[in-house]
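A short worksheet on the structure shown next.
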Amino acid sequence: MGWLIFLAILAALNCLPLGGRIRFDGQNFSAGVLIGKLPIRLYPLPDWLKRKMDRPKKEKPQTASPAAPRPEEKPAQPKGDWKRFLPLLPTALDFLGSLRRKLRLNELTFVLTMAGDDPADLAQNYGRAWAALGNLMPLIDRAFVIKKRNLDIRCDFCGEETTVSFAVDLTITVGRIVSLLVVYGIRMLKQFLSLKKAVATNE
């Protein structure tokens, strides 16, 4: 029975999504992390954290301590040659590419409300904005799996200034993170040991 509970907990953790959340409504910006469906705001700081940080700290009485002996200066050790680690770079780039493909956009919202004095210029800029967004979206679609999207560009002929608002929820499951770390960690460890062995042989 205990093993079944343990396996159930592992399965739940494997599917647990972790990620980040950002919001901007045109005036206020907020950012935080996501643990499952639970958002934890990091900016602006929550009220309870502000109160804790503003609380005055008690100063400890200072006691005179005997002067510590001055450590002897050791000769500077020669730094390793970073160029010998360049063979690890393709693996690191493969890891970043695989990580990007496993990220998931649970929400992608972007609303641009354009304003201007000249209706003709505003209409031209409106068309250019949609063209730019149309060129950008295929790149985002290839990079991420998007669950929910709301992309809109509007014209406000009576408005005085252009406004923008956006919301992004980006997550990845714990299981995917662990699998990537295991696969690429083992690969990079093997490459590192091979490089270390080659350097020791040359020396």
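This one's a predicted model, so the numbers in the text were calculated from it and none came from an experiment.
The distance from atom CG of L170 to atom CG of L34, rounded to the nearest 0.5 Å, is 9.0 Å. Here the straight-line distance linking atom CG of N135 with atom CH2 of W130 works out to 12.5 Å at 0.5 Å rounding. Between atom CG of residue N125 and atom OG1 of residue T162 there is a gap of 8.0 Å, rounded to the nearest 0.5 Å. A distance of 11.5 Å separates CG in L112 from CG in D156, rounded to the nearest 0.5 Å. To the nearest 0.5 angstrom, T173 atom OG1 is 10.0 Å from R104 atom CZ.
Side-chain heavy atoms closer than 4.5 Å link hydrophobic residues (I, L, V, M, F, W, Y) into clusters, and following such links, even through other members, never connects V111 to M114. In the hydrophobic clustering of ILVMFWY residues, with side-chain heavy atoms under 4.5 Å counting as a link, V145 and L108 come out apart.
Among residue pairs with one or both ends in residues 23-38, those qualifying as salt bridge (Lys or Arg N to Asp or Glu O under 4.0 Å) are R23-E107, R23-D169; sequence neighbours excluded. For residues 127-142, the salt bridge (Lys or Arg N to Asp or Glu O under 4.0 Å) pairs, not counting sequence neighbours, are D141-R149.
Residues satisfying the side-chain contact (heavy atoms from CB on, under 4.5 Å) criterion with L18, sequence neighbours excluded, are L16, I35, V174. Contacts of A132 classified as side-chain contact (heavy atoms from CB on, under 4.5 Å), with partners at least two apart in sequence or in another chain: none. Contacts of T171 classified as side-chain hydrogen bond (donor to acceptor under 3.5 Å, both in side chains), with partners at least two apart in sequence or in another chain: N106. Contacts of I172 classified as side-chain contact (heavy atoms from CB on, under 4.5 Å), with partners at least two apart in sequence or in another chain: L99, K102, L103, R176, I177. The salt bridge (charged side-chain N to carboxylate O under 4.0 Å, His left out) check on R154 picks up D152, with sequence neighbours excluded. Applying the side-chain contact (heavy atoms from CB on, under 4.5 Å) test to I22 and every residue at least two apart in sequence or in another chain returns F29, A31, F166, V168.
N28 places no side-chain N or O within 3.5 Å of a backbone atom of F24 that could act as its donor or acceptor partner.
Counting heavy atoms from C-beta outward, I153 and T113 have side chains that stay 4.5 Å or more apart.
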Item checked: side chain to side chain contact (heavy atoms under 4.5 Å, CB included) evaluation trace for V183 with F95 -> CA-CA 9 Å; V183 171; F95 169 76; over 6 Å; no

Could you go through residues 184-193 and list every donor-acceptor pair under 3.5 Å that involves a side-chain atom there, pairing it with any protein atom two or more places apart or in another chain?
from	atom 1	to	atom 2	distance (Å)
Y184	OH	S98	OG	2.7
Q191	OE1	T91	OG1	3.0
Q191	NE2	T91	OG1	3.0

Exercise answer: donor-acceptor pairs, residues 115-123 side-chain atoms, under 3.5 Å, sequence neighbours excluded:
from	atom 1	to	atom 2	distance (Å)
D118	OD1	A120	N	3.0

